[in-house]
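Written below as structure tokens is the structure these notes are about.
As the structure is a prediction and not an experimental result, all values here were calculated from the model.
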Amino acid sequence: MDRNPPAAETAAETLVEPGAVNGEVQPGASRDMSHLLTDLEMAGFIVNGYHLLEPDLPEGLNERIAGRLDGLGYNPGDAIAEVVPELWQVIEHPAVKGALVSLLGEDFEVMGHRHWHCKQPHTGHMSWHQDSTNNRDYRIDRLLGLFYPTDITPEMGPTVIVPGTQFRNAPTDRMATYSNIHGQVPMVVKAGTFALTHYDLWHGTAANRTAVKRHMIKFLFRRVRDNKAPTWNHDPDVMDVPTAWGGKRDDPKNVLSFGNPIGVGQSDHYKERQIRWKCWNNLLGADDALDD
Amino acid sequence: MDRNPPAAETAAETLVEPGAVNGEVQPGASRDMSHLLTDLEMAGFIVNGYHLLEPDLPEGLNERIAGRLDGLGYNPGDAIAEVVPELWQVIEHPAVKGALVSLLGEDFEVMGHRHWHCKQPHTGHMSWHQDSTNNRDYRIDRLLGLFYPTDITPEMGPTVIVPGTQFRNAPTDRMATYSNIHGQVPMVVKAGTFALTHYDLWHGTAANRTAVKRHMIKFLFRRVRDNKAPTWNHDPDVMDVPTAWGGKRDDPKNVLSFGNPIGVGQSDHYKERQIRWKCWNNLLGADDALDD
Amino acid sequence: MSSTPNSSVRQRLLYLHARTPSVFSEILGYTPVEPVRDYRAEITADVPDWPYQTVHDALVDGWQIVQFPHQQAPIDDRDLDVVGYEFILQKLEEVQDG
Amino acid sequence: MSSTPNSSVRQRLLYLHARTPSVFSEILGYTPVEPVRDYRAEITADVPDWPYQTVHDALVDGWQIVQFPHQQAPIDDRDLDVVGYEFILQKLEEVQDG
């Protein structure tokens with residue numbers, strides 16, 4: 001085990017090294033449709049680049065995890081789930097698994113990298129970044145899972161994400177002149193929240209102005225292969241609705257076409273729309289039919 | 001039907017969505033040469049990116065269309081031609097069809113998207129834009145049709161276009177710092193005018209400083225296949241004229257070579273000329289002979 | 001932090017799009033930006049007379065160029081992009097809102 | 001070269017990321033940089049009200065643009081890069097530390 005010194009929020013890095021992934025491949029999940037995402041949730045993820053889950057975890061689990069982390073005198077790096085084995089109950093919760101199957105396919109992989117992000121009391125903000133080099137693709141092939149075992153207040157240094165930034169060719173250096181961005185979303189969440197975010201989504205951290213440690217455990221998941229068919233709770237007729245040129249836009253088709261979470265300009269909006277439809281078609285397993 | 005609230009000139013959007021086009025393919029138009037464009041008109045379109053038609057519509061048709069639009073309390077989006085079925089008499093007028101056959105081939109398609117642009121009284125200008133992402137190509141493959149059922153005065157908020165901008169790699173964002181441009185043309189037109197514009201032509205709208213609504217109905221047309229032969233009223237000998245180095249330039253060859261509607265610089269002019277000749281040759285059906 | 005007493009000096013802007021990167025070439029686009037509330041540069045149906053024919057004319061009238069067109073931008077002698085070459089000029093002047 | 005006697009004038013900066021290259025388009029990003037010791041621009045969980053909705057609003061308030069977004073940067077109408085178009089503005093003012 002790799003015993004790291006206690007760390008404030010260290011530069012959030014993910015080492016992507018071919019062959020070094022000691023992940024566990026998930027056996028084909030049973031098709032318990034009740035935990036799969038809906039078309040609307042899938043469309044929302046494609047547009048926003050994140051999805052929040054509040055799995056009904058066993059009584060006391062959050063407190064046990066938070067307690068262990070509060071008492072942990074070093075950062076075990078990738079071994080955090082061995083040091084705090086209760087974390088597996090989160091990863092293996094049917095709601096978490098259902099969302100992962102929906103987004104990454106039935107044989108998604110839990111990658112070997114994970115990290116306890118302990119935001120120490122009275123520490124400053126962390127700028128916008130991606131965890132590695134820009135990985136831009138219209139496919140959904142890699143996700144971060146952010147687990148918060150305690151309630152997170154705005155003062156505790158929440159992760160902050162910028163919805164819809166996941167398709168941008170914008171390596172971390174290019175985010176350096178930004179602070180607050182219109183439409184950014186702080187992860188001010190309830191204990192037990194599991195946030196799935198697109199790997200390329202812009203994220204940062206507000207300052208922790210409190211006297212308590214803010215815990216977040218980050219997991220990394222990846223798609224193993226392209227879909228041949230939808231792996232979520234898909235209605236084949238879902239797109240048979242009128243285009244809402246100015247009307248109600250709360251169905252998957254119109255969310256994909258008109259969603260604009262941070263209010264970007266027309267050119268960007270049209271470009272996003274094209275990428276979203278490519279992503280959606282790829283997830284449907286219809287990619288063969290498209291030329292790229 | 002999708003009932004939208006009344007809209008001022010909404011962001012002019014075209015949803016481009018594979019497989020979702022519910023267009024009607026036109027049966028091969030009869031070759032009534034009298035309604036086809038001439039070589040000079042074709043050359044003018046290639047240079048300027050627009051062509052104005054004043055079809056002889058049935059007595060009272062414009063007034064009936066304008067009256068219906070004046071009384072319409074919502075924007076039906078793509079369904080405007082169902083709500084105002086008289087519009088089909090415009091689209092199917094031999095002069096309109098002849099121009100469309102000339103520019104887009106005999107089996108051109110009337111696409112499913114159309115939109116009533118009602119410019120409300122006392123509303124501001126709309127900046128230069130294209131209706132979707134830049135679609136640049138030397139081929140003529142998509143046209144907008146703008147129908148004005150009333151006389152349009154300069155004060156009523158006419159559409160304004162910039163001739164010759166259709167071949168530019170200039171997405172909407174790149175037009176954002178421009179207001180008036182040398183050679184721009186306001187669509188100050190007579191009732192019943194049908195303006196065909198290249199899809200990528202820069203266009204905007206002046207402010208409506210009057211107390212009346214300005215109506216424009218936009219249609220979208222597309223080419224289905226490349227020409228194998230000219231589909232307009234073509235004279236095979238039309239290019240057998242001398243090059244007018246400084247002389248009279250009102251024949252198709254010299255219009256294509258020397259036309260410079262907004263007075264761009266030499267480099268741009270030469271580049272435009274090359275694209276125009278590629279376009280012309282493509283329309284002749286001679287594209288096989290070219291390597292692209 | 002206190003602002004200076006001379007707070008009424010504002011930056012007037014003028015976007016000129018010239019035929020070439022030379023200040024002596026004719027302008028194809030003329031867009032003034034006045035730093036007063038509710039001002040908007042807008043497309044008009046009646047095109048007014050422009051006071052300058054070239055960027056140089058504007059220099060003569062006291063405008064200062066604060067951004068020049070970028071000659072080192074990628075260029076392809078077959079490709080066309082925007083109309084003209086963008087010069088951005090300023091005048092720093094005492095301006096009061098209407 | 002001697003420094004000016006008026007050495008307390010400092011450059012305040014304001015990074016504004018606008019929806020389009022037009023100064024009239026809404027801003028999507030607002031990042032002030034104050035030239036005082038220990039100042040840091042930071043991401044906050046409670047997003048404050050921004051005093052300006054557009055770059056033009058900042059011009060009206062006396063800010064001056066010192067860098068405009070580069071219109072001639074390579075562009076591909078299928079590719080997305082950063083959020084908004086970056087304008088950098090300044091005010092030159094007498095500023096005291098703490």
Please classify the contact between D:T44 and chain A as side chain, backbone, both or neither, with a heavy-atom cut-off of under 4.5 Å.
both
Name the region of D:E86, side chain, backbone, both or neither, that has any atom closer than 4.5 Å to a heavy atom of chain A.
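When you check distances to chain A, only side chain atoms of D:E86 fall under 4.5 Å.
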Got [X] and [Y] here, is their nearest side-chain heavy-atom distance under 4.5 Å?
| X | Y | answer |
| --- | --- | --- |
| D:D46 | A:E155 | yes |
| D:L80 | A:N169 | no |
| A:R168 | D:V82 | no |
| A:H182 | D:W50 | yes |

Test item: side-chain donor near acceptor, A:N180 and D:T31, under 3.5 Å:
no
Roughly how far, to the nearest 0.5 Å, is the [atom2] atom of [Y] from the [atom1] atom of [X]?
| X | Y | atom1 | atom2 | result |
| --- | --- | --- | --- | --- |
| D:D81 | A:K271 | CG | NZ | 6.5 Å |
| D:L16 | A:T177 | CG | OG1 | 11.0 Å |
| D:E42 | A:S127 | CD | OG | 9.5 Å |
| D:I27 | A:I181 | CD1 | CD1 | 12.0 Å |

Can you tell me which of A:I275, A:V160, A:D268 forms the most heavy-atom pairs within a distance under 4.5 Å of chain D?
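Of the candidates given, the most pairs with chain D belong to A:D268.
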Using a cut-off of under 4.5 Å on heavy-atom pairs, state which of A:S179, A:G265, A:G124, A:P171 scores highest against chain D.
A:S179
D:V83 and A:I262 have their tightest heavy-atom pair at CG1-CD1, 3.8 Å
Over all heavy atoms of both residues, which pair between A:P158 and D:A45 is shortest? Give the atoms and the distance, please.
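That closest heavy-atom pairing would be CG-CB, 3.6 Å.
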So for A:W128, is it side chain, backbone, both, or neither that comes closer than 4.5 Å to the heavy atoms of chain D?
both
With a 4.5 angstrom heavy-atom cut-off, is it the side chain or the backbone of A:P154 that approaches chain D, or both, or neither?
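The answer is both parts of A:P154.
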Under a 3.5 Å distance rule, please check whether A:Y178 uses its side chain to pair with a backbone N or O of D:H17 as donor and acceptor.
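Not confirmed, A:Y178 side chain does not pair with D:H17 backbone.
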Flag, side chain of D:R19 to backbone of A:G263, donor-acceptor distance under 3.5 Å:
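Side chain of D:R19 to backbone of A:G263, a donor-acceptor pair under 3.5 Å: yes, one is there.
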